[in-house]
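Take a look at the structure set out below.
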Amino acid sequence: MAQTIRSRIEAATKKLKKHGQDHLMRFADQLDPEQKMMLLDDIEKLDLELIDSLIAEYVLDEPEHTLPKEIGPAPVYTVPAPAALAPKYQQACEHGERLIAEHKVAVFTVAGGMGTRLDFDGPKGNFPATPVRNKVLFRVFAESIIATQRRYNCVVPWYIMTSAANHKETVDIFKRNNYFGLPSENVMHFPQGMMPCFDRTGKMLLAEPYSLASSPDGHGGSLRALYINGALQDMAARGIEYISYFQVDNPLVQVVDPLFIGLHALDSAEMSSKAVVKCDPLEKVGNFTLADGHMTVIEYSDLPDELARKRDENGRLMIEWGSIAIHIINRSFVERLNKRGFSLPWHRAIKKVPYIDESGNLIEPEKPNAIKLETFVFDALPLADHSIILEIDRADQFAPIKNASGVDSLQSSHKLQIERAARWLEAAGVDVPRKPNGDIDAQIEISPLFALDADELARKRAQLRPLKPGDIVYLG
Ligand code: UTP
């Protein structure tokens with residue numbers, strides 16, 4: 001055994017030396033056998049040829065973003081349906097409902113991010129998100145899935161991508177909460193890939209003397225993680241054809257949307273997206289464009305201001321659609337990508353990453369010191385044979401919780417959640433008290449189990465009471 005470890009250490013050191021990374025073995029002799037194994041496991045997994053090329057391209061150099069030659073507006077199915085398309089929307093809705101009822105749709109939540117901006121201890125899906133009952137995000141999605149299954153008398157399996165940093169804790173949270181009311185066999189967790197973190201000279205960092213500093217490889221890593229962890233195989237065995245993809249941070253997401261699935265399927269698309277009209281030409285969201293003929297998201301940081309502000313002859317922004325990271329992805333598309341081999345472009349981020357210095361001290365940097373590399377799922381859009389976009393009303397489906405305060409925080413999300421609940425109640429004919437400035441003068445939460453949408457709430461009109469100022473109301 002000792003001999004095996006010794007020879008593995010020698011082999012790893014030799015390999016690392018060739019790539020200028022042998023500092024990673026600096027403490028190897030001082031480690032106990034278990035720690036030595038941990039370090040070797042980390043190092044033997046590295047594809048050092050690939051890492052060399054990534055360092056050259058993305059770490060030592062900051063690749064310049066080259067804009068596509070032709071950038072034009074992306075075609076979008078707007079809401080409400082334009083008169084000429086009303087029959088198509090109707091047909092799409094019915095088709096989508098049929099696909100859900102025929103068990104062809106799965107839900108997929110990407111929950112492998114580090115959630116650093118939120119500053120919450122634990123997986124973000126366990127963050128208390130709702131305004132009255134403080135339900136955690138995972139519970140909100142689970143209730144939506146249960147309500148969808150009841151409505152369509154079907155099974156909607158739920159796939160959740162975690163990362164090495166939060167996998168065990170996420171699975172424990174599900175176990176402790178009885179899978180939030182879902183049968184455990186219909187919930188699958190799997191971890192995404194990790195990428196080493198680099199200092200600015202391209203050296204990999206150690207998080208401990210016996211482990212590398214690494215971070216999740218971005219939500220784009222989901223497309224490979226679905227394949228290598230057997231999730232796609234599981235989907236195939238269940239007859240799933242469409243994957244309803246969304247992020248863990250949006251409590252207003254419609255986990256399965258018949259209209260979206262139906263339009264996607266009727267148009268034979270492979271990967272499609274929901275979009276909102278940007279609130280500002282320079283809003284910090286990805287921009288949908290038709291770039292050299294392909295559906296492409298251009299990051300706000302890569303879109304020149306002049307282009308972002310450009311308007312057509314009717315005064316509309318040429319690039320007016322922002323991405324909210326909600327997609328329908330065909331299982332067959334992800335399979336094809338993986339079987340043929342694919343790569344998504346890498347994006348670099350400079351972040352604060354604690355590391356072990358050459359003397360073995362843990363350094364907690366005060367300023368960003370390290371480069372992390374990630375891929376983004378929307379970069380798969382140009383690889384799809386066809387792609388559609390459906391507009392959504394931002395106020396109805398988008399209330400992300402990303403930051404500890406300010407924009408996209410719990411506070412802003414609560415406000416949006418309460419406002420949506422109030423609109424649904426008012427549409428059902430219930431009086432909702434408002435303050436002179438228009439704000440809702442009540443705390444309201446509607447569980448997806450009570451109503452998945454405004455129409456369902458309206459059908460329950462007989463159970464609804466008028467609200468008084470300051471009321472705290474939970475409909476569950
Ligand atoms: P964000 O871009 O908000 O990143 O992820 P984050 O890591 O969660 O948060 P910050 O930037 O550290 O504050 C958007 C969505 O993509 C998922 C996140 O869990 C979230 O649902 N994601 C992100 C992954 O699943 N893996 C990743 O590597 C990155």
Side-chain angles (χ1 to χ4, degrees), residues 54 58 107-127 129 136-138 140-141 158-167 169-171 173 188-197 213-229 231 243-253 255 273-274 283-286 297 299-301 322-327 329 334 344-354 368 370-380 397-410 412-413:
L54 294 178
Y58 297 98
V107 162
F108 179 32
T109 309
V110 285
M114 300 298 277
T116 34
R117 284 171 287 170
L118 189 57
D119 203 14
F120 171 64
D121 194 15
K124 210 191 251 190
N126 203 34
F127 187 76
V136 303
L137 288 154
F138 284 139
V140 177
F141 305 142
W158 187 12
Y159 299 84
I160 298 151
M161 184 175 81
T162 60
S163 78
N166 68 15
H167 182 79
E169 217 181 329
T170 305
V171 173
I173 288 163
M188 179 173 177
H189 299 91
F190 58 89
Q192 68 179 110
M194 301 292 282
M195 271 302 279
C197 302
S214 58
S215 63
D217 60 0
H219 40 65
S222 62
L223 299 177
R224 183 155 289 124
L226 278 167
Y227 183 71
I228 60 177
N229 291 291
I243 303 170
S244 179
Y245 169 109
F246 59 86
Q247 304 192 152
V248 75
D249 49 27
N250 178 14
L252 288 190
V253 71
V255 297
S273 315
K274 283 189 171 177
E283 188 183 349
K284 292 186 171 177
V285 289
V297 170
E299 273 280 83
Y300 62 89
S301 47
S323 170
I324 48 166
I326 299 176
H327 303 283
I329 308 174
V334 189
L344 299 178
W346 291 90
H347 300 258
R348 85 205 290 264
I350 304 180
K351 301 265 171 145
K352 282 196 269 183
V353 175
I371 291 163
K372 291 185 174 186
L373 298 179
E374 293 188 325
T375 59
F376 296 157
V377 76
F378 56 70
D379 280 327
Q397 298 188 33
F398 192 51
I401 303 172
K402 286 193 181 287
N403 300 312
S405 59
V407 182
D408 295 344
S409 62
L410 180 64
S412 63
S413 179

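Each ligand, and each atom within it, is numbered from 1 in the order the structure gives. Residue numbers start at 1 and run along the sequence shown.
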- Heavy atom under 4.0 Å from ligand 1: found in P216's side chain, backbone, both, or neither? both
- Message: The criterion is salt bridge (Lys or Arg N to Asp or Glu O under 4.0 Å); which residues satisfy it with K274, sequence neighbours excluded?
- Response: D257
- Item | Protein contact of atom 16 (O) of ligand 1 - nearest heavy atom, named by residue and atom, plus distance | H219 CD2, 3.4 Å
- Task: Note the single closest protein heavy atom to atom 17 (C) of ligand 1, along with its residue, its atom name and the distance in Å.
- Result: V110 O, 3.7 Å
- Task: May I ask you to list the atoms of ligand 1 that are less than 4.0 angstrom from any heavy atom of V248?
- Result: 19 (O), 21 (O)
- Note on the structure: Tightest non-hydrogen contact, residues V253 and I326, listed as CG2-CD1, 3.7 Å
- Task: Could you tell me how the ring of H219 sits relative to the ring of F378: parallel (under 30°), tilted (30 to 60°) or perpendicular (over 60°)?
- Result: tilted
- Query: Among all protein non-hydrogen atoms, which one is nearest to atom 22 (N) of ligand 1, and what is the separation to 0.1 Å?
  - Reply: G113 N, 3.5 Å
- Query: Are any side-chain N or O atoms of D217 and backbone N or O atoms of T375, one a donor and one an acceptor, separated by less than 3.5 Å?
  - Reply: no
- Query: Just by distance, do the side chain of N229 and the backbone of A225 share a donor-acceptor pair under 3.5 Å?
  - Reply: yes
- Closest to atom 26 (N) of ligand 1 among protein heavy atoms sits Q192 OE1, 2.6 Å
- Message: Heavy atoms only: which of R117, E374, M114 lies closest to atom 4 (O) of ligand 1?
- Response: R117
- Task: Output yes when a side-chain donor or acceptor of T162 lies under 3.5 Å from a complementary backbone atom of F190, and no otherwise.
- Result: yes
- Task: State the atoms of ligand 1, each with its element, that fall below the 4.0 Å cut-off from a heavy-atom position in K402.
- Result: 1 (P), 3 (O), 14 (C)
- Does ligand 1 have any atom that is closer than 4.0 Å to a heavy atom of G218? yes
- Query: Any idea which heavy atoms bring A399 and N250 closest together, and the distance?
  - Reply: N-OD1, 3.0 Å
- Applying salt bridge (Lys or Arg N to Asp or Glu O under 4.0 Å), name anything that partners R224, two or more places apart in sequence or on another chain. none
- Message: Testing the basics here: between A111 and N166, what is the closest heavy-atom pair and its distance to 0.1 Å?
- Response: O-ND2, 3.0 Å
- Item | Distance from atom 12 (O) of ligand 1 to nearest protein heavy atom, with residue and atom | T116 OG1, 2.4 Å
- For atom 6 (P) of ligand 1, which protein heavy atom lies nearest, and how many Å away is it? G115 N, 3.6 Å
- Should you measure from each heavy atom of K124, which atoms of ligand 1 turn up under 4.0 Å away? 8 (O)
- Heavy-atom nearest neighbour in the protein, as seen from atom 25 (O) of ligand 1, with distance rounded to 0.1 Å: G112 N, 2.8 Å
